[in-house]
Amino acid sequence: MSHTPEEPRDDEASVAPGAPHPTTGPTPAVSPAHGTAPRLVTSSGTGSVVDLGGPAASAEQHHEITATAGTKRALQAPAPTKTAMPRFLVVTLGLAAVCVILLFVQGIQDIVAPIFLGLNLMIVVYPLQRALSRVMHRYLASVVSLLVVLAVLVSFVWACVWAVIELVNALPQYNAQFLALWKNITELGVQLGLDASQVNKVISEIKPNDVMGLLVPLLSNVSAIGSLLATLVMATFFLAMDSSSMGARLKLLRVVQPRALVVVSDFSNGVRRYWLVTTVFGLIVALADVAALSVIGVPLVWVWGVLSFITNYIPNIGFVIGVVPPALLALLSGGWVQALVVIAVYCVLNFVIQVIIQPKFTGESVGVTPTISFLSLLFWVFILGPLGALLALPATLLVKAFLIDSDPNARWLNLFVASSPDSALPDDEQPAPRNPRKARKDRERKALLRG
């Protein structure tokens, strides 16, 4: 009987002549039968065979395994990476784009400013609308909120018109005192070494009714004021109609983009708190000024009370604007002593109420540093016109919310912008409020930020 070589068993290692030793690397063993799956002999020394594929293995896989067995494959070259733009160029292009946008907004400030004011007013009354929508139809709740906003606007405009009419009727009787005061000032200028010819020229140009010239710029812009009010009313109307579906939109935003919902909520809460607190303290300041001026004996105390209330909305320099007219009238009617008393009383009242008490109620989420507040006033008056004085802080809150607070990488800017440096910390590291209700809202906010 002839002896036939024994077929290699599955539990034995099969090593071809000239092939690497099993201990040096894996060696595939291919069955001579066609269609049989290739097997890989492991290098563990146990002689086990690993099946690399079934009968359906492709010819390419079979060729790859048999042709490259025991050889090192050439490493593929890494894909070329795109070179990022220099940071200086990115910042420069970003600033250029911002300047173009701001110039565009400045060109249409008569449209943007009243619309943004209407948006602020609707944000303030939205909690009332949301509460009413629980007991009545949401469209009816929107109409009620619109009527509330219009009532506030009518009251505000009526108070301003009444104050201007009272001032127009009262100023002519102080023309003589005004001329005498101006003459004394010019004589004092001559004594201080000013050119006498220039002083006499100024005196000769003064007319008996020049005191009324203080109101000419205001009265000549009646048509512009009417156009602004019309735009404001129309914008408020359409915003009120859209607000009826705002609840459903916010619920969808919670699902689609939770961080955006947090940014919108923070901006809305900050604007709402700013307007409500500023209005309340404006009334307090106005009533305190009226009481003080009544004791001092200054005429038109209610006119100056309305002026104090309006100028309370102007950050930083509103107090200066509000004290000049009553101090000037006190100077004309009662002399230097009465004028100095008015200035001292205004300084004390406004400093205590606006600087010490009011910031405690506005909250740190609304506050920005005094420098940013002053710069924002100048900036937004330049961009939005006269209404920019009233909208300076809300506009700054809008920019801060969407460009700084919404971007975790830009939160460090709050160290130099916000009145509370803690707002620059990551959301998970910010201290939790002590109030249980605020602590629960803070946990919900952090959960939304985590998505």
Side-chain angles (χ1 to χ4, degrees), residues 75-113 115-117 119-120 249 252-271 274 315-316 364-389 391-430 445-446 448-451:
L75 296 176
Q76 296 182 355
T81 58
K82 297 182 179 180
T83 303
M85 295 178 62
R87 184 174 181 83
F88 172 77
L89 184 58
V90 173
V91 174
T92 303
L93 293 177
L95 291 177
V98 170
C99 292
V100 172
I101 294 173
L102 291 176
L103 290 177
F104 175 75
V105 173
Q106 185 187 35
I108 57 173
Q109 60 181 222
D110 294 336
I111 300 176
V112 175
I115 292 177
F116 186 62
L117 178 58
L119 175 63
N120 278 257
R249 298 176 189 272
L252 291 176
L253 186 61
R254 177 188 292 269
V255 177
V256 175
Q257 188 57 261
R259 179 173 289 274
L261 177 62
V262 173
V263 172
V264 172
S265 300
D266 290 347
F267 168 71
S268 301
N269 293 333
V271 168
Y274 166 76
N316 299 111
E364 297 296 344
S365 62
V366 180
V368 293
T369 60
T371 302
I372 296 298
S373 177
F374 177 70
L375 294 178
S376 66
L377 173 65
L378 301 179
F379 177 79
W380 290 113
V381 167
F382 173 73
I383 297 297
L384 299 179
L387 273 182
L391 299 172
L393 285 182
T396 302
L397 289 178
L398 178 65
V399 174
K400 178 176 175 292
F402 286 92
L403 295 185
I404 298 179
D405 296 339
S406 62
D407 187 2
N409 296 326
R411 290 284 294 274
W412 62 271
L413 291 173
N414 277 331
L415 290 172
F416 308 98
V417 174
S419 59
S420 174
D422 290 340
S423 60
L425 295 173
D427 298 289
D428 293 336
E429 296 181 9
Q430 292 186 8
R445 180 177 183 275
K446 292 179 180 179
L448 287 175
L449 289 172
R450 288 191 297 267

Kindly give the heavy-atom pair with the smallest separation between W380 and A395, and that separation in Å.
CE2-CB, 3.4 Å
Write down the atom of V381, the atom of A389, and the distance for their closest heavy-atom approach.
CG2-N, 3.6 Å
Rounded distance (nearest 0.5 Å) linking atom [atom1] of [X] with atom [atom2] of [Y]:
X	Y	atom1	atom2	result
Q109	L384	CD	CG	7.0 Å
N120	L397	CG	CG	9.0 Å
L102	L95	CG	CG	10.5 Å

Which of I383, T396, L117 passes side chain to side chain contact (heavy atoms under 4.5 Å, CB included) with L391? Answer is L117
Pair up each side-chain donor or acceptor in residues 370-378 with any protein partner under 3.5 Å, not counting sequence neighbours, and list the distances.
from, atom 1, to, atom 2, distance (Å)
S373, OG, N316, OD1, 2.9
S376, OG, I372, O, 3.1
S376, OG, S373, O, 2.7

Determine whether V100 and F104 make a side-chain contact, defined as any pair of heavy atoms from C-beta on separated by less than 4.5 Å.
no
List the residues meeting side chain to side chain contact (heavy atoms under 4.5 Å, CB included) with L398, not counting sequence neighbours, and say none if there are none.
F116, F267, F402
